[in-house]
Amino acid sequence: MPELPDVSVFKDYFDKTTFKKKIERVEVFEKRILKGTSEKELNKSLKGNFFKKSDRYGKHLFAEIGPDVGLDIHFGMTGDLEHIDDLSKIPPYTRLLFVFQNGEGLAFEDQRKFGHISLVHNFDELISQNNLGIDALNITAEEFLEIIHAKKGKIKSILMNQSLISGIGNLYADEILFQAGIHPKSKGNQIPEDIMKKLFSTMNKVLKTAIKYVAKTDDFPPDFLINHRKENEDCPGSCGKIDIIKINGRTTYFCDACQELY
DNA sequence: AGTACCACCTGACGGC
DNA sequence: TGCCGTCAGGTGGTAC
């Protein structure tokens, strides 16, 4: 689930639920989640401190603790955050728990254990360590065009490549290409300039709209592809039927009638 | 450089 | 009802 809009929502939730709360300890229930650190080291860095501020970059959440220490939180496929009032009621799939001195907690849940949490020195280190390209909501039109025109691969693969542009996953890649009227198999270097500009503005529009709806896809406007992800479903543009193909091994939904192949 | 698989995990769903 | 294969919105590695 967690792509850029979801992580943006997690950031707001994180800020709201950790603000001004002193960290008493960190409990790790699943070591696999930790990358390059340990429960002991985490506690050493966090105990007695506060989360000062957070930032989102791509699909990552950066939680700053001190001038030279912070957390890199990645939500994998099933990661989620849940604030806890009662520490005796820890949600299922809690892999790590921040315990605050006021008796509250924040659970990092992750059913499939693909998420991870690591210690980083700062925001820049998070970006370089994960080899992340420019954030999808901060990239300029010029940078966007340049990156995509330099690639001969399929546009959907390019959009999903976190080291080129970071934040877009399978779901939103399909949505953006659908709304921009571009076939997902189009080659990056063959998309005309004006279509590229449309793709850029569509990417911004889709991501911002998703954030506006708190990434709750059920509430998205009916002309979005997102709630029509079924084979043979009518295209929201009522021009044809939704097709399914595989790109990069990922299920891809699109409308052959309104998405042009370049 | 681009692509095609496999792997990591767990649960839900459809077919038989 | 029960077993089994397949699939899921992410990422990383390997090999052609």
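The basis for the numbers below is simple: all heavy atoms, side chains too, and nothing from hydrogens, waters or symmetry mates. Because the structure is predicted, anything quoted here is derived from the model rather than measured. Residue numbering restarts at 1 for every chain, and letters A, B, ... go by the order of the sequence lines.
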Among [range], which contact DNA chain C at a heavy-atom distance under 4.0 Å?
range	answer
residues 76-84 of chain A	A/G76, A/M77
residues 250-262 of chain A	A/R250, A/T251
residues 210-226 of chain A	none

>> If you take any heavy atom closer than 4.0 Å to DNA chain B, which residues from residues 111-137 of chain A end up in contact?
In response: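 Per residue number, the list reads A/Q111, A/R112, A/K113, A/F114.
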
> Counting only non-hydrogen atoms, which of residues 142-181 of chain A are less than 4.0 Å from DNA chain B?
Replying inline: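 Listed by number, they are A/K151, A/K152, A/G153, A/K154.
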
Got a sec, which residues hit salt bridge (Lys or Arg N to Asp or Glu O under 4.0 Å) with [X], two or more places apart in sequence or on another chain?
X	answer
A/E109	none
A/K59	none
A/R112	none

Tabulate below the donor-acceptor pairs under 3.5 Å that side-chain atoms of residues 79-86 of chain A make, not counting sequence neighbours, or state none.
unit_1	atom_1	unit_2	atom_2	d
A/H83	NE2	A/E104	OE1	2.8
A/D86	OD1	A/S88	N	2.9
A/D86	OD1	A/S88	OG	2.7
A/D86	OD2	A/S88	OG	3.2

> For A/D6, which contact category applies under a 4.0 Å heavy-atom criterion: base, sugar-phosphate, or nothing?
Replying inline: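 The residue A/D6 makes base contact.
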
> Dot-bracket for DNA chain B: what is it, with Watson-Crick or G-U pairs under 3.5 Å, [ ] where a pair crosses earlier ones, and | for a pair to another strand?
Replying inline: .|||||||.|||||||

With a 3.5 Å cut-off and sequence neighbours excluded, list the donor-acceptor pairs that the side chains of residues 127-134 of chain A form with protein atoms.
unit_1	atom_1	unit_2	atom_2	d
A/S128	OG	A/D124	O	3.2
A/S128	OG	A/E125	O	3.3
A/N130	ND2	A/D72	OD2	2.9
A/N130	ND2	A/L126	O	2.8

> Is the count of non-hydrogen atoms from other residues, nucleotides or ligands lying under 6.0 Å from A/K185 atom NZ greater than 12?
Replying inline: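 No - once you tally the heavy atoms of other residues, nucleotides and ligands closer than 6.0 Å, there are 12 at most.
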
>> For A/F108, run the ring pair (Phe, Tyr, Trp, His ring centres under 6.0 Å) check against A/F75, A/F14, A/Y93 and tell me which one passes.
In response: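 When ring pair (Phe, Tyr, Trp, His ring centres under 6.0 Å) is applied between A/F108 and each of A/F75, A/F14, A/Y93, only A/F75 qualifies.
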
> Contact boundaries of DNA chain C with chain A (under 4.0 Å, heavy atoms), 5' to 3'?
Replying inline: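 Under 4.0 Å from chain A, the extent on DNA chain C is C/dA8 to C/dT11.
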
